[in-house]
Colleague: 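Next up is a structure, given as structure tokens.
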Number of protein chains: 2
Amino acid sequence: MCELLGMSANVPTDIRFSFAALARRGGETGPHVDGWGITFYEGRGCRSFHDPEPSARSELAKLLRNYPIKSRIVIAHVRKANRGRVSLENTHPFTRELWGRRWTFAHNGQLRGVKKLPLRGFEPVGTTDSEHAFCWMLGQLQQSWRALPRPAVLDRAVADLSAELHALGVFNMLLSDSRTLYAHCGKRLCYLTRCAPFGTATLIDEDWRVDFAQETTERDIVTVIATQALTRDELWTDVARGDVLVLRDGGIRLLTPGTRPAKTVTAPPTPVDARA
Amino acid sequence: MCELLGMSANVPTDIRFSFAALARRGGETGPHVDGWGITFYEGRGCRSFHDPEPSARSELAKLLRNYPIKSRIVIAHVRKANRGRVSLENTHPFTRELWGRRWTFAHNGQLRGVKKLPLRGFEPVGTTDSEHAFCWMLGQLQQSWRALPRPAVLDRAVADLSAELHALGVFNMLLSDSRTLYAHCGKRLCYLTRCAPFGTATLIDEDWRVDFAQETTERDIVTVIATQALTRDELWTDVARGDVLVLRDGGIRLLTPGTRPAKTVTAPPTPVDARA
């Protein structure tokens, strides 16, 4: 297994607090020693940092602890390899361009027979099941529309493709097209939304406490999603198996297989910086 | 204009010496203040660092000075924007996947009417002429072959596509498919190859001197290509306008428009680390 971390926010938000916990699980407080990566969206652009070294001992991960990158969508992953050797090309998140947008994907779990799924237009660079699943999803989307469809249509398509992969095994997944963060729960995924009135939080994996009231404005909304809770003094909500969360600007829509989406949190974007 | 830096080597090589000079040209010894980026290949994988900040003042560029990444193919770019605003998505090098390989592209110069060239399968994320040219090249290649062709065939195709872009203006370009580094000279590009017996070199842009004899073995071959010479005590060779250099394992083949390739330097790969 691996661990995932995602963030969606309505303001550019510094993820270093949450990433610090995840990074320690890559070799110190967790066994995920086979590489790590993180992608930060900034508008339509994104930048990724990958390292096949364990995140707990990675020089690059240490550098990121001291280098605040504020982003409204983040996807991060620490890897415990099961399929595909430990190498840079097998290190999540994976990225591709489709319809003039940067897509990013990270996964944990195993998918039986996924490599039999036919690929069109996108091919894996590495040898993981995960990258094959990502290429298959993008190929299916590209076959369906010539340009980016409107959000509700894309949300349903991502949920349907996720359900097909869910049927093959364990499909805990984070995906973004630079506009939306999608999360599919195959087995284990939880989230929390921070909004006013903000409180404090303390990491589980190290002695780091943040008072979010000092870091935010009352209009900020930040949702963090992770394989396991990252803080010990906040309430994390488990996602049900098979559910898809659709996150935009920190707000969440839940797509349960075969049901209509239900809006649970939304907020207008504001131009202030926050921390997660 | 912008400045380019490329490297091809037969051993994993630390580019920090050359990159230090380029980075200073992004706001200190040169006017290229509109962002910078660098891509390092490691086998089939690659990692890129991008920053829309001037490289001379970039925290991320400083971090890379202290973080040796050894690579056999590197492409770097410092930007002085003419088309496309200063933003992460307009920051070179650009990357895409084609035939299960990561392609990387950086360009300087202006290309009249390039956005009229039809795109197939690849679309720009940002608004630069350069990314449009890159997407056009990849679309043309993808239309021609279903899988990666053998090197000599691809070399010729890249040279032919480069000649078409050269006809539109100034096309100084670096391109890699993870196996080969291609360089097209539109107006200004020079290179040097370091091999045994190694000497010393001193940067033009700062007081940094390296004795390569201390950093290498006698089988190492490293070719560095740049818009302008980076060192003051080595002989840099200008590339002629319209010529394409094909670099593999530090060796160079010259493709002059309409002629057969001539082999000039080759060497077998060795597993030692070097510095450029």
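Throughout, protein chains are lettered first and strands after them, A, B, ... in sequence-line order, and every chain is numbered starting at 1.
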Colleague: I'd like to check A:Phe49 versus B:Leu60 (side-chain heavy atoms, cut-off strictly below 4.5 Å). Are they in contact?
Modeller: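 A:Phe49 vs B:Leu60: side chains touch.
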Colleague: Top residue by heavy-atom pair count (under 4.5 Å) with chain B, among A:Glu42, A:Glu131, A:Gln142?
Modeller: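 Highest number of pairs under 4.5 Å: A:Glu42.
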Colleague: With chain B as the partner, which of A:Ser178, A:Cys46, A:Gly121 has the greatest number of non-hydrogen pairs under 4.5 Å?
Modeller: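 That would be A:Cys46.
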Colleague: Examine whether an atom of A:Ser48 lies under 4.5 Å from a heavy atom of chain B, and if so say whether it belongs to the side chain, the backbone or both; otherwise answer neither.
Modeller: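 Just its backbone gets close to chain B.
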Colleague: Taking the side chain as C-beta and beyond, is there a heavy-atom pair between B:Thr91 and A:Arg47 under 4.5 Å?
Modeller: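 B:Thr91 does not reach A:Arg47 side chain to side chain.
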Colleague: Return the minimal non-hydrogen interatomic distance between A:Glu59 and B:Tyr67, and the atom names on each side.
Modeller: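 Result for this residue pair: CB-CE1, 3.3 Å.
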Colleague: Quick one: what part of A:Arg101 sits under 4.5 Å from any heavy atom of chain B, side chain, backbone, both or neither?
Modeller: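 Only the backbone of A:Arg101 comes within 4.5 Å of chain B.
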Colleague: Determine the option with the most heavy-atom pairs under 4.5 angstrom with chain A, choosing from B:Leu64, B:Leu63, B:Asn90, B:Ile69.
Modeller: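 If we count pairs closer than 4.5 Å to chain A, B:Leu63 comes out on top.
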Colleague: Could you look at A:Thr95 and say if it's the side chain, the backbone, both or neither that has a heavy atom under 4.5 Å from chain B?
Modeller: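 For A:Thr95, heavy atoms of backbone and side chain both lie under 4.5 Å from chain B.
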Colleague: In terms of side-chain geometry, is the basic nitrogen of A:Glu97 or B:Arg96 positioned less than 4.0 Å from the acidic oxygen of its partner?
Modeller: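 Judged by the 4.0 Å cut-off on N to carboxylate O distance, A:Glu97 and B:Arg96 do form a salt bridge.
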Colleague: Measuring heavy-atom distances to chain B, does A:Phe122 have an atom under 4.5 Å in its side chain, in its backbone, in both, or in neither?
Modeller: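 Both parts, heavy atoms under 4.5 Å.
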Colleague: Between A:Asn66 and chain B, which part of the residue has a heavy atom less than 4.5 Å away: side chain, backbone, both or neither?
Modeller: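 Neither part.
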Colleague: Relative to chain B, which segment of A:Leu119 carries a heavy atom at a distance below 4.5 Å: side chain, backbone, both, or neither?
Modeller: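 Neither part.
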